[in-house]
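As structure tokens, the structure follows; a few thoughts come after it.
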Amino acid sequence: DTGVSQNPRHKITKRGQNVTFRCDPISEHNRLYWYRQTLGQGPEFLTYFQNEAQLEKSRLLSDRFSAERPKGSFSTLEIQRTEQGDSAMYLCASSWNNEQFFGPGTRLTVL
Amino acid sequence: TQLLEQSPQFLSIQEGENLTVYCNSSSVFSSLQWYRQEPGEGPVLLVTVVTGGEVKKLKRLTFQFGDARKDSSLHITAAQPGDTGLYLCAGVNSGYALNFGKGTSLLVTP
């Protein structure tokens with residue numbers, strides 16, 4: 001399967017803990033995106049990489065959130081000091097043109 | 001604030017019926033995509049429309065992009081239970097980030 005993959009698929013954590021998610025994009029795609037989706041809403045943009053450069057960040061991305069794409073391949077999204085409001089589906093997408101292809105997401109539950 | 005408004009929010013129909021869902025905005029988009037999402041999964045790309053007035057067909061699904069590139073519609077002919085899901089429209093109007101609507105949740109019963 002050469003689609004976008006995300007790990008883990010599910011994460012349950014206690015408030016105040018740190019969590020890290022990984023995204024492996026489609027190999028020939030140079031652009032990588034992170035989105036967050038809560039119940040009853042469409043996905044909301046968090047951040048975007050072109051190769052290893054983080055070119056755009058949403059105001060939703062508070063200073064507790066950090067994303068990296070160290071070698072222009074896989075990406076990680078870390079949330080520090082998690083809060084209950086961080087509970088959501090975190091989606092990764094990749095593209096080489098206007099069409100973005102999404103992974104299956106990581107469902108985060110903060111207790 | 002969602003730039004794209006989708007209607008209806010929920011739709012429950014019987015197998016064989018036709019339906020249309022709408023995606024409207026006051027903003028102009030350089031391109032617009034339609035996705036279908038199943039519970040617990042990521043959105044799956046159905047189609048991209050780029051040119052105002054463009055019509056694309058994907059089997060029983062017909063997508064139209066408005067002439068002014070501010071709105072779009074998705075028409076499904078003879079809906080089947082396998083069409084059940086959340087239909088999302090998303091557009092790019094600056095940069096590369098997709099702006100999504102809240103989606104139309106479709107349930108097709110046998």
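Labels below follow one simple rule: chain letters A, B, ... track the order of the sequence lines, proteins then strands, and each chain is numbered from 1. It should be emphasised that the depicted structure is a prediction, and the values quoted were computed from it without experimental measurement.
- Note that CZ of Phe100(B) and CD of Gln37(A) are 8.0 Å apart. Values are rounded to the nearest 0.5 Å.
- Around CZ of Arg15(A), the count of heavy atoms belonging to other residues, nucleotides or ligands within 6.0 Å does not exceed 12.
- In the hydrophobic clustering of ILVMFWY residues, with side-chain heavy atoms under 4.5 Å counting as a link, Val19(A) and Tyr35(A) come out apart.
- Contact between Gly42(B) and Leu91(A) at its shortest, heavy atoms only, is CA-CD2, 3.8 Å.
- Only the side chain of Leu88(B) has a heavy atom closer than 4.5 Å to any heavy atom of chain A.
- When the shell of 6.0 Å around CG of Leu39(A) is examined, it contains 12 or fewer heavy atoms from other residues, nucleotides or ligands.
- Taking the side chain as every heavy atom from C-beta outward, Leu45(B) and Gln100(A) never approach each other to under 4.5 Å.
- The shortest side-chain heavy-atom distance between Phe101(A) and Val44(B) does not fall under the 4.5 Å cut-off.
- Atom CD of Gln80(A) sits in a crowded spot, with more than 12 heavy atoms from other residues, nucleotides or ligands closer than 6.0 Å.
- Hydrophobic clustering, with ILVMFWY side chains joined whenever heavy atoms are under 4.5 angstrom apart, keeps Met89(A) apart from Leu60(A).
- Comparing Pro43(B), Ser31(B), Gly40(B) by how many heavy-atom pairs each has under 4.5 Å with chain A, the most go to Pro43(B).
- Neither the backbone nor the side chain of Gln6(B) has a heavy atom closer than 4.5 Å to any heavy atom of chain A.
- Taking the ring centroids of Phe102(A) and Tyr35(B), they lie under the 6.0 Å cut-off.
- When the side chains of ILVMFWY residues are joined at heavy-atom separations under 4.5 Å, either directly or via intervening members, Ile13(B) and Val21(B) end up in a single hydrophobic cluster.
- Between the CG atom of Leu98(B) and the CG atom of Asn98(A) there is a distance of 8.5 Å, given to the nearest 0.5 Å.
- The neighbour count for Lys56(B) NZ, taken as heavy atoms of other residues, nucleotides or ligands under 6.0 Å away, is above 12.
- When each of Gly105(A), Pro104(A), Ser95(A) is checked for heavy-atom pairs under 4.5 Å with chain B, Pro104(A) comes out on top.
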Evaluation steps, side chain to side chain contact (heavy atoms under 4.5 Å, CB included), between Arg31(A) and Tyr96(B)
CA-CA 9 Å; Arg31(A) 296 176 192 155; Tyr96(B) 294 102; 3.3 Å; yes
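- Note on Arg107(A) versus Glu41(B): no salt bridge recorded, every NZ/NE/NH1/NH2 to OD/OE distance being 4.0 Å or above.
- A pairwise comparison of heavy atoms in Ala97(B) and Glu56(A) identifies CB-OE2, 4.3 Å as the closest pair.
- In this structure, Val92(B) is a member of the same hydrophobic cluster as Tyr48(A), with clusters built from ILVMFWY side-chain heavy atoms closer than 4.5 Å.
- A 6.0 Å sphere centred on CD1 of Ile12(A) holds no more than 12 heavy atoms belonging to other residues, nucleotides or ligands.
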